[in-house]
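Report on the following structure.
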Amino acid sequence: MNKVVANAQEAIKGIEDNMTLMLGGFGLCGIPENCISALVKANIKGLTCISNNAGVDDFGLGLLLQKKQIKKMISSYVGENDEFERQMLSGELEVDLIPQGSLAERCRAGGAGIPAFFTPAGFGTEVGHEKEVRYFNGKPHILEHALTADFAIVKAWKGDKLGNLIFKGTARNFNPMMAMAGRITIAEVEELVEPGELDPNFIHTPGVFIQRIFQGEKYEKRIEQRTVRPRS
Amino acid sequence: MNKVVANAQEAIKGIEDNMTLMLGGFGLCGIPENCISALVKANIKGLTCISNNAGVDDFGLGLLLQKKQIKKMISSYVGENDEFERQMLSGELEVDLIPQGSLAERCRAGGAGIPAFFTPAGFGTEVGHEKEVRYFNGKPHILEHALTADFAIVKAWKGDKLGNLIFKGTARNFNPMMAMAGRITIAEVEELVEPGELDPNFIHTPGVFIQRIFQGEKYEKRIEQRTVRPRS
Amino acid sequence: MLDKKGIAKRIAQELQNGWYVNLGIGIPTLIANYVPEGISVEFQSENGILGMGPFPFDGEEDADLINAGKQTITAMKGACIFDSATSFAMIRGQHIQLTVLGAMEVADNGDIANWKIPGKMVKGMGGAMDLVASAENIIVAMMHTNKRGQSKLLRQCTLPLTGVGCVKKIVTNLAVLDVTPQGFKLIERAPGVSVEEIKNATEGRLIIEGDIPEMNI
Amino acid sequence: MLDKKGIAKRIAQELQNGWYVNLGIGIPTLIANYVPEGISVEFQSENGILGMGPFPFDGEEDADLINAGKQTITAMKGACIFDSATSFAMIRGQHIQLTVLGAMEVADNGDIANWKIPGKMVKGMGGAMDLVASAENIIVAMMHTNKRGQSKLLRQCTLPLTGVGCVKKIVTNLAVLDVTPQGFKLIERAPGVSVEEIKNATEGRLIIEGDIPEMNI
């Protein structure tokens, strides 16, 4: 059971125009940099991308936006990206904005075989528009449906050849849920190790959710808001 | 923010007759031995216990059954317990049997503010009786509701004074979800450590879910089915 | 006729490389001993482990490492541990390629009953209802008849159901059968068992087309 | 009149020992600097950390450790990291005792709008809709009026809503107000601000009962 592929280019084989992708990351933190570059290079078009954010103008998913490879974004927060705003306001880009918690839970649900669930988030807002409303304990909830994707692409810190993953710090974010929800899930990792090198008790994403894995290269890990305090 | 209590007796303060409890563990693996003993000693009656299993005749929840402290069990599998079977068949004990995955997910939902979700498990069976049925992608699902408890009692391997927990091996099982679903959650641990001693990146249950914690003693950790292979 | 080990051996032939497999209690557990050479699979146990290994050596049992049958086990290299919600996320989300479990009754429409005998025995369904409701590929491993000699392959289940229309294949001490819209389709006979014997032991609709080969095991 | 820091300081007085607190982007983030002595709270950031600490020293930034505002942060002793689903399980499941966030508009029935200006600005709601739909205790931190001098405390929100009837308390540069079934109830005046000024800056229903004390900050 060897899931290792050589590189990003090989990993994204089978991703075609008009497919739906999930991409892990929060802002620029924990994003699959290598696969995004490979998607840009392959010039795959008409993509529907499910990702909490849309990158910045010149990094992350912003690179795919620049080349107009994205038809539709499903996200929770898309600030910090002028090209995104331009495409959205001009109508070139379809945008479906989802509360962050509902986005996370809908991905998890997609991976966990839960087709729909009730949540209070978004009731009485645009998000709840035309969605089924039901009261539980006197409180209104809306029915949200699972999300899945043709391919999910996640970024982990370390992974073994069976696909077991561990993440570092808040680079974890959406990666574990999206790993569950891809029909095919690709993991790019900073360090690829042999089975047995990761402690079974501390795996964040079990290998069963991963179909392809490779060790990425040249991680830039750009910081969006560098905030520091003076040394006293 | 110190959640430490002295012992099991202090930890179970406030648990009263006729309350609903969740108790972690799978069979006898990962059960809160100290708190179960304290509940037996305190002779609290009329309990509704949510737990995957009901222990064996003379250990685990079996101890509470012997003393007829349990009014109702909500479980998925209750074999291996003659006293349980006797009380159930005679009608002394109410029993609600739930598919194991639905039990786990209903506890998680209770802790996660998801009041209800659809699952295929149990459709067309007694479990689906009188439950709402809905088709997704042509497949029937039933609506299951969240479970919560007045108190959840879990057992971890190590925990810090803020309630962060790590579990060992398959003693994890239902403990993390039940920890989420208690209005008050008690954690008993084999080793209680200072904040900072557990790696933040590898916490199984975040301390936010825990209200009381103590280091248990004299763990018996009885093995239900000792299976071994000969040394060749 | 096959014994329990034989049933396990025959089912092991169905394993495909790279599959994740959930084995139920009883006969299914034995399958792990007969994985064909060149085939690499991982075993999931629904209490929370992937990459379940063989029983531990005497003296090396760990109370904190058991399978869903509460037996002490070991973990293979590359194993991982998870909680019950994640475990059933794998199962419900169809990330497990094969489920093998025992049954008290199977109907010729794929219904299965294996958790309750009203008024007599109620062990509970454990994870079986989740498994049969979601697995794409379910094999039932059981004796063809019960202790009183009555067929367990029925026109309709008489016991409370575990799942509806879900069983795809059955391997018994007598035969391998596929569940089809027309009923049980006989695929193979156990060594030394005649079609007639299988017919007599099967209450549900049985389809016999052409020569039925003997198992190669 | 308070500046942004003053608003943060005043809200910090609301913190209670043992609380878990989620702070939104902007003014709320500043609250962490003014936790009163003797009060111990833990800060949650919805991208996946509990026990968020101060910004790192120059040169010690870690790209893999940020808050929901994408700022580099540190982790306190006893911190823990989790995925987004678990993070919102905490929020939706009401395990977080206080949420403080900014707003473009608040209505006197507790409605809040802070994520979209149709045709002009659409940043998205991020975690705000989940937070306001579930938090038992929501404080809005904002300026009393917008850049054009118009009240942000309205009879009805004009912008697309983030949540309905959820805001419990508002702290602005001018005042502290509770949201009651009868409208905004004036609780405290900012230093040097008169009731009249607050009246003039508040479009929604305003309840003034008895003497309104000045904040003690």
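In what follows, chains carry the letters A, B, and so on, assigned in the order in which the sequence lines appear, proteins first and then strands, with residues in each chain numbered from 1.
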Would you find a donor on one side and an acceptor on the other, under 3.5 Å apart, between the side chain of [X] and the backbone of [Y]?
{"X": "A/Thr227", "Y": "D/Thr72", "answer": "yes"}
{"X": "D/Arg92", "Y": "A/Pro120", "answer": "no"}
{"X": "D/Lys70", "Y": "A/Cys29", "answer": "no"}

Between the CD1 atom in D/Ile73 and the OG1 atom in A/Thr170, the distance rounded to the nearest 0.5 Å is 6.0 Å
Just verifying a value: how many Å separate A/Ser76 OG and D/Lys123 NZ, rounded to the nearest 0.5 Å? 13.0 Å
Verify the neighbour count for atom [atom1] of [X]: are there more than 12 heavy atoms of other residues, nucleotides or ligands below 6.0 Å?
{"X": "A/Lys131", "atom1": "NZ", "value": "yes"}
{"X": "D/Lys168", "atom1": "NZ", "value": "yes"}
{"X": "D/Met76", "atom1": "CE", "value": "no"}
{"X": "D/Lys9", "atom1": "NZ", "value": "no"}
{"X": "D/Lys185", "atom1": "NZ", "value": "no"}
{"X": "A/Lys139", "atom1": "NZ", "value": "yes"}
{"X": "A/Glu132", "atom1": "CD", "value": "yes"}

Interface moiety of [X] toward chain A, non-hydrogen atoms closer than 4.5 Å:
{"X": "D/Asp111", "answer": "neither"}
{"X": "D/Lys116", "answer": "side chain"}
{"X": "D/Thr162", "answer": "backbone"}

Looking at chain A, which one of [options] has the largest number of heavy-atom pairs inside 4.5 Å, strictly under?
{"options": "D/Ala68, D/Ala89, D/Ala75", "result": "D/Ala68"}
{"options": "D/Gly69, D/Ser45, D/Ala85, D/Gly48", "result": "D/Ala85"}
{"options": "D/Val122, D/Ile81, D/Thr74, D/Leu65", "result": "D/Ile81"}
{"options": "D/Gly124, D/Gly126, D/Ala63", "result": "D/Gly126"}

So what's closer than 4.5 Å to chain D heavy atoms on A/Asn81: side chain, backbone, both or neither? neither
Does any heavy atom of chain D fall under 4.5 Å from the side chain of A/Pro140, the backbone, both, or neither of them?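 A/Pro140 has no heavy atom closer than 4.5 Å to chain D.
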Going through the distances and angles, do A/Glu126 and D/Met129 end up as a side-chain contact (heavy atoms from CB on, under 4.5 Å)? CA-CA 11 Å; A/Glu126 284 182 12; D/Met129 281 195 187; 5.9 Å; no
Could you check whether any side-chain heavy atom of D/Phe57 comes within less than 4.5 Å of a side-chain heavy atom of A/Arg229, counting everything from C-beta outward?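 Result yes, sub-4.5 Å side-chain heavy-atom pair found.
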Side-chain heavy atoms of A/Glu224 within contact of D/Ile66, under 4.5 Å: no
Contact leader toward chain D among A/Ile223, A/Thr125, A/Val127, where contacts are heavy-atom pairs under 4.5 Å: A/Thr125
From CA spacing to verdict: salt bridge (Lys or Arg N to Asp or Glu O under 4.0 Å), D/Glu61, A/Lys221: CA-CA 12 Å; D/Glu61 315 91 88; A/Lys221 297 217 228 174; over 6 Å; no
Qualifying residue, where the test is side chain to side chain contact (heavy atoms under 4.5 Å, CB included) with A/Arg172 and the options are D/Asp64, D/Asp83, D/Thr86: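 Single side chain to side chain contact (heavy atoms under 4.5 Å, CB included) partner of A/Arg172 among D/Asp64, D/Asp83, D/Thr86: D/Asp83.
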May I ask you to list the residues in residues 97-110 of chain A that approach chain D closer than 4.5 angstrom, counting heavy atoms only, ordered by number? A/Leu97, A/Ile98, A/Pro99, A/Gln100, A/Gly101, A/Ser102, A/Ala104, A/Glu105, A/Arg108
